[in-house]
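These notes are about the structure you will find just below.
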Amino acid sequence: MEQKEENHKNNDKTDGIEAEKQALNSYVKYTGVAFQMMAIIGLSAFIGYKTDQYYEHKTQWVTAIACVLGVFLSIYQTIRQLKP
């Protein structure tokens, strides 16, 4: 009977450790997605900005379009990655 109680306690500890690992994996996964979104949007904005500088546009329309495209691309990439 004591062995059953000891096994039950060990199972509870193991379940707790597994739950913590799963929570940590989820945290890392979603943090990575956020950084990836920032990188995509930032890179598109930078490319748009440099294009506007190169062509000496008074209105930075290429930067605006590149930012919007970057947002759509990052949302698409996020949905594709998080799909089960």
Side-chain angles (χ1 to χ4, degrees):
M1 184 155 172
E2 285 181 29
Q3 189 173 3
K4 284 184 180 181
E5 288 177 16
E6 189 174 313
N7 286 340
H8 184 67
K9 287 180 183 178
N10 287 338
N11 286 340
D12 286 343
K13 287 180 184 178
T14 304
D15 290 342
I17 292 171
E18 290 299 319
E20 286 179 18
K21 283 183 182 179
Q22 187 176 7
L24 182 60
N25 286 341
S26 294
Y27 178 76
V28 169
K29 179 180 178 181
Y30 293 122
T31 301
V33 167
F35 280 111
Q36 185 176 11
M37 288 181 77
M38 287 189 299
I40 291 171
I41 296 168
L43 184 64
S44 348
F46 179 75
I47 290 170
Y49 177 74
K50 286 298 182 181
T51 304
D52 277 329
Q53 272 188 340
Y54 181 77
Y55 289 110
E56 299 175 357
H57 294 143
K58 291 180 183 176
T59 305
Q60 305 234 328
W61 58 272
V62 177
T63 303
I65 291 171
C67 286
V68 170
L69 289 176
V71 169
F72 284 125
L73 181 63
S74 68
I75 291 171
Y76 171 75
Q77 181 69 18
T78 302
I79 289 171
R80 208 176 106 228
Q81 273 186 333
L82 297 180
K83 202 179 235 185

Answer whether the closest heavy-atom distance between the side chains of Q81 and Q36 falls below 4.5 Å.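 They are in side-chain contact.
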Do [X] and [Y] belong together in a cluster built from hydrophobic side chains that touch within less than 4.5 Å?
| X | Y | result |
| --- | --- | --- |
| I65 | V62 | yes |
| L73 | L69 | no |
| V71 | I79 | yes |

Separation of [Y] [atom2] from [X] [atom1] (nearest 0.5 Å):
| X | Y | atom1 | atom2 | result |
| --- | --- | --- | --- | --- |
| Q60 | T51 | CD | OG1 | 10.5 Å |
| I47 | K50 | CD1 | NZ | 11.5 Å |
| I75 | M37 | CD1 | CE | 5.5 Å |

Least distance between heavy atoms, D52 atom then T59 atom: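 Minimum heavy-atom separation between D52 and T59: OD1-O, 4.3 Å.
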Taking every non-hydrogen atom, the tightest pair across S44 and G70: OG-CA, 3.2 Å
Where the side chain of T63 meets the backbone of G48, is there a donor-acceptor pair that is under 3.5 Å apart?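 Checking the backbone N and O of G48 against the side chain of T63, a donor-acceptor pair under 3.5 Å is found.
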What donor-acceptor contacts under 3.5 angstrom involve side-chain atoms of residues 24-35, with partners at least two apart or in another chain?
from : atom 1 : to  : atom 2 : distance (Å)
N25  : ND2    : K21 : O      : 3.4
S26  : OG     : Q22 : O      : 3.2
T31  : OG1    : Y27 : O      : 2.7

Fit a plane to each ring of H57 and W61, take the angle between them on a 0 to 90° scale, and name the class: parallel (under 30°), tilted (30 to 60°) or perpendicular (over 60°).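 Because their plane-to-plane angle lies in the 30° to 60° range, the rings of H57 and W61 count as tilted.
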